[in-house]
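Notes to accompany the following structure.
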Amino acid sequence: NFDQALNSAATPVVVDFYAPWCGPCKMLAPLLDSLAGRLAGRVQFFKVNVDEAPGLARRFEVTGVPMLAFFANGELRDTVIGFPQPQELARKLTNLMAGSPAEVRA
């Protein structure tokens, strides 16, 4: 259950909304796997296949994949659509772990 896992997470969460047919999603997966290992205990990483969970995709307004959604205390704090630049991803993860306030979403 997505909501239960998200709300019971003791750390911030990054959700990777992806599709198996998406080339950039396939390129992003190894980077996220590496980050999950390096940040174990500080950030949790979840994956959501938008083809299998269209309701979640609609709920979080996934307009393109990959889309990373950053959550703290069960609340959406930020998103990135497309393959993020490494500096941008590092900054967003640092802000998420530091508990920085949500950035303004477009």
Side-chain angles (χ1 to χ4, degrees):
N1 183 313
F2 180 84
D3 289 316
Q4 183 179 0
L6 185 63
N7 291 326
S8 66
T11 63
V13 172
V14 177
V15 178
D16 174 20
F17 289 95
Y18 77 100
W21 45 262
C22 166
C25 298
K26 292 176 185 177
M27 293 173 23
L28 184 58
L31 173 60
L32 295 178
D33 290 342
S34 175
L35 287 169
R38 291 194 335 231
L39 298 174
R42 295 186 283 165
V43 177
Q44 292 182 47
F45 289 80
F46 298 165
K47 294 181 74 68
V48 173
N49 180 333
V50 296
D51 291 338
E52 294 177 357
L56 282 176
R58 277 190 302 278
R59 178 173 152 196
F60 290 103
E61 301 175 4
V62 177
T63 58
V65 289
M67 182 178 115
L68 300 177
F70 301 83
F71 292 85
N73 300 317
E75 295 179 17
L76 181 63
R77 299 295 175 101
D78 202 358
T79 60
V80 174
I81 298 173
F83 194 98
Q85 293 296 319
Q87 331 63 310
E88 178 187 19
L89 183 55
R91 179 179 51 80
K92 290 183 181 296
L93 287 169
T94 298
N95 288 345
L96 186 66
M97 290 185 293
S100 295
E103 296 180 13
V104 175
R105 293 179 57 208

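When side chains are defined from C-beta on, Asn95 does not count as touching Asp78, because their heavy atoms never get closer than 4.5 Å. Contact annotation: the side chain of Val80 never approaches that of Leu89 to less than 4.5 Å [non-hydrogen atoms, C-beta and beyond]. Taking 4.5 Å as the limit, some side-chain heavy atom of Met97 sits within range of a side-chain heavy atom of Leu39. A heavy-atom distance below 4.5 Å is found between the side chains of Arg59 and Asp3.
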Worksheet entry | Residue pair Val15, Leu56: steps toward the side-chain contact (heavy atoms from CB on, under 4.5 Å) verdict | CA-CA 11 Å; Val15 178; Leu56 282 176; over 6 Å; no
Worksheet item: Passes side-chain contact (heavy atoms from CB on, under 4.5 Å), Phe46 versus Asp16? Steps please.
Response: CA-CA 6 Å; Phe46 298 165; Asp16 174 20; over 6 Å; no
Worksheet entry | Full working for side-chain contact (heavy atoms from CB on, under 4.5 Å) between Val48 and Val62 | CA-CA 11 Å; Val48 173; Val62 177; over 6 Å; no
Fill in: Arg42 vs Thr11, side-chain contact (heavy atoms from CB on, under 4.5 Å): CA-CA, chis, key distance, verdict
CA-CA 6 Å; Arg42 295 186 283 165; Thr11 63; 5.6 Å; no
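What you find for Met67 and Thr79 is that their closest heavy atoms are CE-CG2, 3.9 Å. When every heavy atom of Gly74 is checked against every heavy atom of Asn7, the shortest pair comes out as CA-OD1, 3.8 Å. The two atoms that bring Pro54 and Asp51 nearest to each other are CD-O, 3.9 Å, heavy atoms only. The minimum heavy-atom distance between Pro66 and Cys25, with the atom names listed, is N-SG, 3.5 Å. For the pair Gly64 and Ile81, the tightest heavy-atom approach, listed with the atom from each and the gap, is O-CG2, 3.9 Å. Across all non-hydrogen atoms, the minimal contact from Leu76 to Ala69 is CD1-CB, 3.7 Å.
Here Lys92 contributes atom NZ and Leu68 contributes atom CG; the two are 9.5 Å apart, rounded to the nearest 0.5 Å. Taking CG from Leu96 and CZ from Arg91, the interatomic distance works out to 12.0 Å, rounded to the nearest 0.5 Å. Interatomic distance, Phe17 CZ to Glu61 CD, rounded to the nearest 0.5 Å: 11.0 Å.
A distance below 6.0 Å separates the ring centres of Phe71 and Phe60.
Within a 6.0 Å radius of CG in Asn73, no more than 12 heavy atoms belonging to other residues, nucleotides or ligands are found.
In this structure, Val43 is a member of the same hydrophobic cluster as Leu28, with clusters built from ILVMFWY side-chain heavy atoms closer than 4.5 Å. Placement of Tyr18 and Leu31 in two distinct hydrophobic clusters is found when ILVMFWY residues are connected by side-chain heavy-atom separations under 4.5 Å, directly or transitively. Follow the hydrophobic side-chain contacts under 4.5 Å out from Leu35 and you reach Phe70 in the same cluster. Under a hydrophobic-cluster definition in which Ile, Leu, Val, Met, Phe, Trp and Tyr are linked whenever side-chain heavy atoms come within less than 4.5 Å, directly or via other members, Val65 and Val13 are assigned to the same cluster.
With hydrogens and angles ignored, the 3.5 Å screen pairs no side-chain donor or acceptor of Ser34 with any backbone N or O of Pro30.
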